[in-house]
Amino acid sequence: MPEKKQPPHPPAVGVIVVAAGSGQRLGHGIPKARVLCGGRTLLEHALDAVAASGVAAAVVAVLPPDDRVLTAVVARAADAARDGAGPVISRVDGGATRVASVRAGLSALPSDVEIVLVHDAARALTPPAVFRRVAEAVHGGAPAVIPVVAVADTIKIVRSGTVESTPDRSGLRAVQTPQGFAASALRSAHAGVAAANPGITDDAMLMEALGVPVQVVDGDPLAFKVTTPLDLAVAEAVIALRGDGTGARPTPSQSRSTHDTE
C-alpha cells in the first residue's frame with residue numbers, strides 16, 4: 001500500500017511589531033508603546049493581538065534602545081508564549097527611522113520565515129482577524145498586501161494655503177497595519193535605493209517603488225492608530241466597552257459609538 005503523502009507545511013510567518021516611536025504627539029514624554037491604555041501598555045495590547053491571531057511562528061518587537069520597561073514587556077510575552085506553545089517572541093533595538101527599524105526587525109527574524117507582517121504597536125487594538133486576512137492573502141500568492149478602510153472625509157489637495165483639487169474619495173483608502181509581504185520581496189525592497197528616501201512612510205511604498213503590485217484586503221475601524229490624546233481616549237473607551245480584556249471586539253453598536261467611521 002503506497003505511503004500516504006503528508007500535506008505541505010504552511011509557510012512560516014514572522015511578525016515585526018514596530019514599537020520604537022517617540023510618541024511626541026501623544027504628549028506623555030515616554031515612548032508611545034509604553035503609554036498605558038486600560039492599565040496595560042500599547043505594546044502589550046499589540047502583542048496580545050498577534051498571539052490571538054495564531055498566524056505567527058516568530059515575533060520580533062522593535063524597541064527604543066535600552067528601554068527596560070518595554071524589554072520587560074517583551075520578556076513576559078515571550079514567557080507566556082512558551083508556556084502556551086505560542087510564537088517565539090524576541091526584541092531588537094530600533095533605528096533612527098521607521099525604515100531602519102523595520103530593517104532591524106527583518107534581520108532578527110529566523111531565516112526560514114517566508115511571509116512577513118509588519119505591524120505598528122500604535123495600532124494596538126487591531127483585531128486578530130485582520131492579521132489572518134493579510135497572512136492568508138500573501139499565502140495565496142500576493143507579494144504585498146495591505147489592510148484598508150474607506151475614507152469618510154472629503155479630501156482636499158492644498159498648495160500654499162489654497163485648494164488645488166478635490167480627489168474622488170470613492171477611490172481613496174486609508175491604510176492600516178499589519179502589512180504583509182513575501183519575505184524575499186520585502187528584503188529586496190529594503191535593499192533598494194528607495195529605502196533611503198525620507199518620504200517613505202510604510203513598507204508598501206517601498207514595494208510600489210519596485211513596481212510590485214500591492215493587493216488590498218479589508219481593514220477594521222478598530223485598527224486605528226493611537227497618535228493623539230483623543231486617539232488614546234477612544235482606545236480607552238473601546239477597552240472599557242470590551243470589558244474582559246480578552247481581545248474580543250465590541251458589538252457593532254458599541255464600535256460605532258466610540259469610533260464612528262460613517
Side-chain angles (χ1 to χ4, degrees), residues 13-35 41-47 49-50 56-75 77-78 87-111 113-124 126 131 134 143-146 175-210 212 214 223 225-227:
V13 177
V15 179
I16 299 170
V17 179
V18 184
S22 64
Q24 290 181 352
R25 283 177 289 179
L26 200 52
H28 281 241
I30 56 175
K32 187 191 299 183
R34 276 173 52 185
V35 172
T41 64
L42 292 177
L43 179 58
E44 287 173 280
H45 289 293
L47 291 174
V50 174
V59 180
V60 175
V62 185
L63 309 181
D66 303 319
D67 192 307
R68 295 182 180 180
V69 173
L70 292 180
T71 295
V73 166
V74 174
V88 175
I89 301 176
S90 61
R91 68 163 306 283
V92 69
D93 286 347
T97 65
R98 187 183 190 281
V99 170
S101 290
V102 173
R103 189 179 298 122
L106 270 173
S107 297
L109 283 173
S111 59
V113 163
E114 297 178 58
I115 294 173
V116 178
L117 305 190
V118 181
H119 184 53
D120 291 337
R123 298 185 186 273
T126 301
F131 290 84
V134 172
V145 178
I146 57 176
V175 180
Q176 302 177 325
T177 69
Q179 299 184 357
F181 308 93
S184 58
L186 185 60
R187 292 183 194 280
S188 295
H190 274 270
V193 295
N197 182 347
I200 296 293
T201 58
D202 69 1
D203 294 278
M205 288 182 69
L206 289 178
M207 305 300 277
E208 293 166 38
L210 293 179
V212 175
V214 179
K225 190 174 184 178
V226 177
T227 300

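Along the sequence shown, residues are numbered consecutively beginning with 1.
Closest heavy-atom contact between L109 and G14: CD2-CA, 4.0 Å. Pairing each heavy atom of A124 with each of L42, the nearest pair is CB-O, 3.5 Å. Nearest heavy atoms, M207 versus P143: CE-O, 3.9 Å. The two residues V17 and A121 have their closest heavy-atom pair at CG1-CB, 3.9 Å. Closest of all the heavy-atom pairs between A223 and T177 is CB-O, 4.4 Å. Heavy atoms only, all atoms of each residue included: V92 and A108 are closest at CB-CB, 4.3 Å.
A distance of 7.0 Å separates CZ in R187 from OG in S107, rounded to the nearest 0.5 Å. The distance from atom CE of M205 to atom CG of N197, rounded to the nearest 0.5 Å, is 6.5 Å.
Proximity of I200 to L206: side-chain heavy atoms (C-beta onward) are separated by under 4.5 Å at one or more points. Looking only at side-chain heavy atoms (C-beta outward), V74 and L63 come within less than 4.5 Å of each other. Under the 4.5 Å side-chain criterion, counting only non-hydrogen atoms from C-beta, P178 is in contact with T126. Side-chain atoms of R123 and V226, non-hydrogen and from C-beta on, never get closer than 4.5 Å to each other. Looking at heavy atoms from C-beta onward, P31 lies in side-chain contact with D67 at the 4.5 angstrom threshold. No side-chain heavy atom of V59 sits less than 4.5 Å from a side-chain heavy atom of I16. A 4.5 Å side-chain heavy-atom check between K32 and K225 finds at least one atom pair inside the cut-off. D203 places none of its side-chain heavy atoms less than 4.5 Å from the side chain of V116.
Put simply, the side chain of S101 never gets that close to the backbone of V18: no donor and acceptor are under 3.5 Å apart. The main-chain N or O of A204 is found under 3.5 Å from a side-chain atom of Q179 such that the two form a donor-acceptor pair.
Between R34 and T41, the side chains place no donor N or O within less than 3.5 Å of an acceptor N or O (distance only, hydrogens not considered).
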### Message
Using the rule given for side chain to side chain contact (heavy atoms under 4.5 Å, CB included), can you reason through V60 versus L106, listing the C-alpha separation, both sets of side-chain angles and the distance that settles it, and then say yes or no?
### Response
CA-CA 8 Å; V60 175; L106 270 173; over 6 Å; no
#### Entry: salt bridge (Lys or Arg N to Asp or Glu O under 4.0 Å) between D120 and R98, intermediate numbers included
CA-CA 10 Å; D120 291 337; R98 187 183 190 281; 2.8 Å; yes
### Message
For a side chain to side chain contact (heavy atoms under 4.5 Å, CB included) check, start with the C-alpha distance between V145 and V214, then their side-chain angles and the critical distance, and finish with the verdict.
### Response
CA-CA 5 Å; V145 178; V214 179; over 6 Å; no
